[in-house]
Structures are given as C-alpha cells and as structure tokens.
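First up is the structure itself, then whatever we jot down about it.
Just so you know, these numbers use all the heavy atoms, side chains as well, and skip hydrogens, waters and symmetry mates. Numbering of ligands and ligand atoms starts at 1, following listing order.
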Amino acid sequence: MEVRIMENAFEISKEVSSILINKVKENPHAVLGFATGASPVETYKRMIEAFEKGEVSFKNVTTFNLDEYCGLTHEDENSYYWFMKENLFGKVDIDYEKVNFLSGDEAKSEKSCREYSEKISQAGGIDIQLLGIGTNGHIGFNEPADSFSDGPFKVRLTSSTISSNSKYFVNKKMPEYALTMGIGDIMRARRIVLIATGEGKADAVFKMIKGEVSPSCPASVLQNHNDVIVYLDKESAKLL
Ligand code: GLP
C-alpha cells in the first residue's frame with residue numbers, strides 16, 4: 001500500500017485525475033470504477049477541465065459505479081446515478097451505453113447484483129477503481145461485518161453511515177438499504193486509488209493502514225492488494 005500525504009484536497013485531485021486521465025490516454029477503452037461522496041468530487045472537476053481543454057476523451061471508456069441506494073431511480077436527485085451525471089458524466093463525452101450501475105429499482109436489485117460481477121469480467125475487469133472511505137472504514141457500502149463479501153449484495157446501512165450521509169438528502173429520508181459491489185469485486189480491480197480527507201476520517205485511515213486485516217474495518221483488506229495508492233490530506237493522516 002503506497003500512502004501519499006498531500007497538502008489539501010486540491011493537490012490530491014490533481015494527482016488522482018492525472019492517474020485516471022493517463023490511463024484513458026494509454027487505453028481509450030479503459031474500464032474505470034467510480035465512487036460517489038464528497039471525496040472524489042474535486043478529482044471529477046479536474047477530469048472535466050481536462051476534457052474541456054481537449055486533452056482527453058471518455059467516449060470509449062466503460063464505467064462501473066460502486067454502489068447505489070435501494071429505492072432510488074436514476075431520475076431521483078438523491079441517487080448516486082444522478083450524482084455521477086451532475087459531477088462527471090453529464091459534463092464529459094461519456095457514452096451512457098457504457099455506464100454501469102447497480103439498480104436502485106427494488107424490482108431489479110437481485111438481478112442486477114447477480115449480473116454485475118459478470119458484466120465487470122466481460123468488460124475485461126476494472127483497470128482502476130476509485131474509492132473513498134466511510135468514517136467506520138466502509139468501502140463502497142461494505143459495512144463492518146463478520147466476513148469479507150465477494151460479489152455485489154444488498155446491505156443494511158449502519159447508523160454511523162446513515163448519520164454521515166443523511167446530510168446529502170434533499171426532500172427525502174435516506175434509505176436504510178443499498179446495493180454495493182462486494183469486497184471481492186473491489187479487490188479484483190487491477191489498481192485501486194483511495195482518497196480520504198478531513199479529521200473525521202483519521203481513525204478509519206489509521207485502522208485501514210496500521211490495523212489488522214479484518215472485516216470489522218473493511219478497508220483494511222486493501223493491505224492485501226498489490227497495487228493500492230492511498231491519498232490523504234494532513235488531517236486524515238494525523239494518527240499515522
Ligand atoms: C459513502 C459511499 C462511499 C464513500 C464514502 C465516503 O457512503 N458509499 O462509496 O466512499 O461513503 O463518503 P465521503 O467521500 O462523502 O466522505
């Protein structure tokens with residue numbers, strides 16, 4: 001696990017966007033795994049800027065997002081699909097046919113979980129998976145548990161996640177369930193780049209990097225991956 005401590009979120013976003021953009025320049029058909037939440041937003045801004053300057057095109061890229069709330073359709077402004085449209089997809093030349101999401105539609109959720117890992121492998125696997133980390137050490141929506149998951153599944157969100165994420169909800173109560181890629185799906189990505197900023201992440205960051213590998217801190221599993229870069233600001237790195 002390579003750990004890079006940067007001055008601030010802006011400096012992190014410059015490096016992480018370069019990693020993603022360079023991958024797309026090297027292989028325009030790259031497969032990218034995207035995350036939502038506040039952590040990747042600055043990185044997405046740098047990617048949009050590079051697109052606007054004509055430095056990169058995302059039109060042949062295939063994407064897989066980590067997770068989605070149960071019960072929220074693509075048209076719901078609280079959904080992660082909507083978030084990706086607002087913060088990246090709608091502002092670059094992404095081909096929506098190549099965008100993959102776990103379905104927030106309850107009637108489709110089981111099928112979409114069953115098919116997602118297969119879709120990832122049919123696309124050739126994920127080249128780079130972008131991650132954030134929850135204050136409780138979750139990645140995607142893999143909450144602290146007794147064992148590491150493999151494929152996508154429906155998860156009941158913990159009260160800690162509900163209290164961290166409720167602030168993002170507009171006109172609606174945050175769902176208590178979500179669909180998420182499993183730990184196995186995340187670990188099969190060839191490269192993983194994780195961003196954590198702010199003091200609130202310091203404890204989870206410490207456990208991820210220095211703690212034992214345990215499903216009680218899902219992000220600790222990344223210690224077992226051979227190509228992970230963790231980008232931290234000074235606040236999130238303060239316990240290291
Ligand atoms: C959310 C998402 C994760 C995200 C994490 C951190 O619950 N499911 O994918 O990485 O929590 O969010 P933030 O970046 O807003 O702190």
Side-chain angles (χ1 to χ4, degrees), residues 6 8-10 12-13 16-17 20 32-46 63-72 76 78-84 86-88 100-104 109 113 116 126 128-145 149 152-170 172-183 185-187 189 192-208 217-222 228-233 235-237:
M6 316 287 292
N8 53 42
F10 182 69
I12 293 173
S13 74
V16 176
S17 61
L20 294 164
L32 301 180
F34 285 131
T36 50
S39 306
V41 169
E42 283 296 313
T43 295
Y44 295 153
K45 284 186 188 158
R46 305 291 87 72
T63 73
F64 287 90
N65 258 81
L66 277 171
D67 43 20
E68 182 58 282
Y69 290 107
C70 286
L72 304 190
D76 192 312
N78 297 296
S79 71
Y80 280 160
Y81 188 89
W82 185 278
F83 173 99
M84 290 306 299
E86 285 288 297
N87 287 287
L88 183 66
N100 294 282
F101 249 85
L102 285 158
S103 178
S109 61
C113 282
Y116 213 57
I126 294 173
I128 303 178
Q129 176 65 54
L130 192 55
L131 291 180
I133 182 171
T135 50
N136 62 1
H138 75 221
I139 46 177
F141 268 135
N142 287 274
E143 300 280 37
S149 58
F153 66 105
K154 180 174 178 174
V155 60
R156 187 188 181 117
L157 300 170
T158 60
S159 51
S160 131
T161 297
I162 293 174
S163 82
S164 302
N165 290 11
S166 288
K167 61 177 177 286
Y168 298 123
F169 276 75
V170 183
K172 193 171 259 181
K173 218 171 130 239
M174 179 177 154
E176 287 177 11
Y177 288 88
L179 302 185
T180 181
M181 267 190 206
I183 293 290
D185 297 310
I186 294 169
M187 291 293 279
I192 295 174
V193 180
L194 184 143
I195 301 173
T197 59
E199 207 178 341
K201 299 289 172 73
D203 187 49
V205 163
F206 176 82
K207 288 184 180 136
M208 163 175 73
C217 174
S220 64
V221 77
L222 300 176
V228 179
I229 315 181
V230 175
Y231 280 93
L232 306 174
D233 65 356
E235 289 73 31
S236 65

Check your understanding: Heavy atoms only: which of M181, H138, K167, E143 is nearest to atom 5 (C) of ligand 1?
Key -> H138
Check your understanding: If you count the atoms of ligand 1 from 1 in the order shown, which ones are under 4.0 Å from a heavy atom of G132?
Key -> 10 (O)
Check your understanding: Which bit of A35 gets closer than 4.0 Å to ligand 1, counting heavy atoms only: side chain, backbone, both or neither?
Key -> neither
Practice item. Around atom 4 (C) of ligand 1, find the nearest protein heavy atom and jot down its residue, atom name and distance. Key: T36 O, 3.9 Å
Study note, to complete from the structure: Looking only at protein heavy atoms, what sits closest to atom 8 (N) of ligand 1 is D67 OD2, 2.8 Å
Review point. How many angstroms lie between atom CE of M174 and atom CG of N165, to the nearest 0.5 angstrom?
Key: 4.5 Å
Review point. Which of the atoms of ligand 1 are close to A38, meaning less than 4.0 Å from one of its heavy atoms?
Key: 13 (P), 14 (O), 15 (O)
**Study point:** Subset of ligand 1 atoms that lie under 4.0 Å from at least one heavy atom of I133
**Key:** 6 (C), 10 (O)
Point to revise | Derivation of the ring-ring contact (aromatic ring centres under 6.0 Å, His included) call for Y168 and Y69 | key: CA-CA 12 Å; Y168 298 123; Y69 290 107; 9.3 Å; no
Practice item. Would you confirm whether K201, through its side chain, and I133, through its main-chain N or O, come within 3.5 Å as a donor-acceptor pair? Key: yes
**Study point:** Interfacing atoms of ligand 1 (cut-off 4.0 Å, heavy-atom, F141)
**Key:** 7 (O), 8 (N)
Practice item. Identify, by atom number and element, the atoms of ligand 1 in contact range of N165, meaning under 4.0 Å from any of its heavy atoms. Key: 1 (C), 7 (O)
Exercise for review: May I ask you to identify the nearest protein heavy atom to atom 3 (C) of ligand 1, giving residue, atom name and distance to one decimal place in Å?
Suggested key: G140 O, 3.5 Å
Review point. If only atom types and distance count, is the side chain of T197 paired as donor or acceptor with the main-chain N or O of A9 below 3.5 Å?
Key: no
Study note, to complete from the structure: The answer for which part of Y168 has a heavy atom under 4.0 Å from ligand 1 is side chain
Revision key, fill the gap. Short version for Y69: what comes under 4.0 Å of ligand 1, heavy atoms counted, is neither
Check your understanding: What atoms of ligand 1 come within less than 4.0 Å of a heavy atom belonging to S39?
Key -> 13 (P), 14 (O), 16 (O)
Revision key, fill the gap. Atom 16 (O) of ligand 1 sits nearest the protein heavy atom K201 NZ, 2.6 Å
